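Source: prediction; values computed, not measured. All heavy atoms count here, side chains included; hydrogens, waters and symmetry mates do not.
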Amino acid sequence: MSENTQVTFPAATGVGSMPGGDAREAAKTVTGSLEDFPYLAELPARGPGADMIGRTAGMLVELYARVEPSGWRLSDRPGRDTRRAHAWLRQDLDALEEFTQGYEGDVKVQAVGPWTLAAALELRNGEAVLSDPGACRDLTASLAEGLRLHVADVRRRIPGARVVLQLDDPSLTAVLRGQIRTASGYRTHRAVDRQVVESGLREVLGASGPGPTVVHSCAPDVPFALLRRAGTDAVSFDFDLLTERDDDAIGEAVEGGTRLFAGVVPGTDAALSDPAGSVMGVRTLWRRLGLRPGLLAEAVTVTPTCGLAGASPAYARQALAHCVRAARSLADNPE
């Protein structure tokens, strides 16, 4: 979507992953708990190809990957691991389609962003794709094309949906700072120029077509300003990792129309406070920034702090329902 277009989102959603390996059960939980903003669940417990890197590698066009002891590595042709990734994704899409018959509204899909993917995927020599600028460009183009096809498939399956594309890019800050280690572990890869990073993100975000976009990172020091320049409509983050150093960037983002997906509900089993208590920090931030309280409901979508893959199934259901109640608390009592 246009960088200058302010996009509205429903008040609560999840991040991406869910516990267990039953696609129908996950889709039933997500659509039942998040009636206004369901998402395509990821189930990494099923193994290689259902993990975030393998799942996204399976979406690439004319690039393939296989599992090695060190992780996912580019290969010459599609093999068993690529076929498994495709099968898991089809299963998840079939389940989501089943539970969204007649649905009209936002549906979110997630994939690994180009820079976390470049840091995690290996070239044939065992070094990260990140080590080769040409390979990074090829990977970015392949990912963008794969996501265009993926988003189009979801639109076909759920005709009433506005598909929201979320890029998970937790290694982004480490890429910008030159903190990604080489295969030997003794050195780090050189920092990637910020303009190159921004350009790659913009290309992949463009795969959403007319749909809105989100970039998610559950790492510290999320580069809010860079993400806004790259054209994302929303930034998703772990609220617990914010510091007052982030205040100016967050204030500018809100005033510029960027939506905040605030991760305030623990992603693993924990005792949950009352819904109002879960968003108390958001209200405190708003007061500190001097932002208008009435803007809270327009600017913030409530989520868990990160994916729910490490949670129990019962807690995952509870956490998603808690996000909805916490968002309602923000809307009803922004002060």
Side-chain angles (χ1 to χ4, degrees), residues 15-23 26 40-95 109-132 134-147 149-150 153 166-172 174-175 179-189 200 204 207 216-219 306-311:
V15 173
S17 64
M18 292 288 285
D22 187 328
L40 179 64
E42 302 162 348
L43 302 172
R46 293 179 300 197
D51 61 296
M52 61 187 287
I53 299 299
R55 183 185 188 92
T56 302
M59 297 179 187
L60 297 174
V61 172
E62 296 182 358
L63 286 178
Y64 313 102
R66 66 177 186 271
V67 179
E68 296 286 343
S70 54
W72 284 89
R73 182 174 296 182
L74 293 177
S75 58
D76 295 325
R77 59 184 64 86
R80 177 184 61 186
D81 298 322
T82 299
R83 290 192 293 273
R84 186 187 295 121
H86 289 168
W88 290 139
L89 180 58
R90 277 197 306 274
Q91 190 179 105
D92 295 338
L93 286 165
D94 289 345
V109 299
Q110 305 83 218
V112 176
W115 297 106
T116 294
L117 194 62
L121 270 183
E122 297 174 358
L123 296 167
R124 291 168 184 80
N125 65 5
E127 282 296 351
V129 170
L130 190 66
S131 66
D132 184 331
C136 287
R137 288 191 293 272
D138 290 345
L139 181 66
T140 297
S142 174
L143 177 60
E145 181 58 24
L147 289 179
L149 296 172
H150 178 51
D153 186 26
Q166 174 181 304
L167 299 181
D168 296 321
D169 228 337
S171 298
L172 184 59
V175 167
Q179 295 172 337
I180 302 295
R181 295 210 164 270
T182 59
S184 69
Y186 295 120
R187 296 185 301 108
T188 57
H189 294 288
V204 178
H216 167 74
S217 173
C218 50
C306 206
L308 295 167

So Val204 and Thr140, side-chain contact (heavy atoms from CB on, under 4.5 Å) or not? Walk me through it. CA-CA 7 Å; Val204 178; Thr140 297; 3.7 Å; yes

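- Contact between Pro44 and Ser17 at its shortest, heavy atoms only, is CD-CB, 4.0 Å.
- Using a cutoff of 4.0 Å between basic side-chain nitrogens and carboxylate oxygens, Asp92 and Arg46 are scored as salt-bridged.
- Arg73 and Leu123 make their closest contact through CG-O, 3.3 Å (heavy atoms, listed as atom of the first residue, atom of the second, distance).
- A distance of 11.0 Å separates CD of Glu42 from CG of Leu308, quoted to the nearest 0.5 Å.
- Taken to the nearest 0.5 Å, the OG atom of Ser184 stands 6.5 Å off from the CD atom of Glu127.
- Within 6.0 Å of the CZ atom in Arg77, the count of heavy atoms belonging to other residues, nucleotides or ligands does not exceed 12.
- Here the side chains of Leu167 and Pro114 are in contact, with some heavy-atom distance below 4.5 Å.
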Output, in order, the C-alpha distance, side-chain angles, deciding distance and verdict of side-chain contact (heavy atoms from CB on, under 4.5 Å) for His150 and Leu93. CA-CA 10 Å; His150 178 51; Leu93 286 165; 4.2 Å; yes

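- The nearest pair of heavy atoms linking Ala45 to Gly20 is CB-O, 3.6 Å.
- No donor-acceptor contact under 3.5 angstrom links the side chains of Ser217 and Asp169, judged on distance only.
- For the pair Leu43/Gln91, no side-chain contact is recorded, criterion being any heavy-atom separation below 4.5 Å from C-beta on.
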Run the side-chain contact (heavy atoms from CB on, under 4.5 Å) check on Thr56 and Leu143 step by step: do they pass? CA-CA 8 Å; Thr56 302; Leu143 177 60; 3.6 Å; yes

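- Checking side-chain atoms of Ser171 against main-chain N and O of Ala119 turns up no donor-acceptor pair under 3.5 Å.
- Remark: the backbone N or O of Val175 is not paired with any side-chain donor or acceptor of His189 at under 3.5 angstrom.
- Put simply, the residue from Leu117, Leu63, Leu147 that forms a side chain to side chain contact (heavy atoms under 4.5 Å, CB included) with Ser142 is Leu63.
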Under the side-chain contact (heavy atoms from CB on, under 4.5 Å) criterion, do Met59 and Leu149 qualify, and how do the steps go? CA-CA 9 Å; Met59 297 179 187; Leu149 296 172; over 6 Å; no

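- Looking at Asp76, Leu74, Asp81 one by one, the single match for side chain to side chain contact (heavy atoms under 4.5 Å, CB included) with Arg66 turns out to be Asp81.
- Side-chain atoms of Gln179 do not come within 3.5 Å of backbone N or O of Thr188 as any donor-acceptor pair.
- Considering all non-hydrogen atoms of both residues, Trp115 and Cys136 come closest at CZ3-SG, 4.1 Å.
- Minimum heavy-atom separation, Ala85 to Gly58: CB-CA, 4.2 Å.
- By the 4.5 Å heavy-atom criterion applied to side chains, Leu89 and Asp153 are not counted as neighbours.
- With rounding to the nearest 0.5 Å, the separation of CZ in Arg55 from CG in Leu40 is 5.0 Å.
- Heavy-atom minimum distance, Val15 versus Gln166: O-NE2, 3.0 Å.
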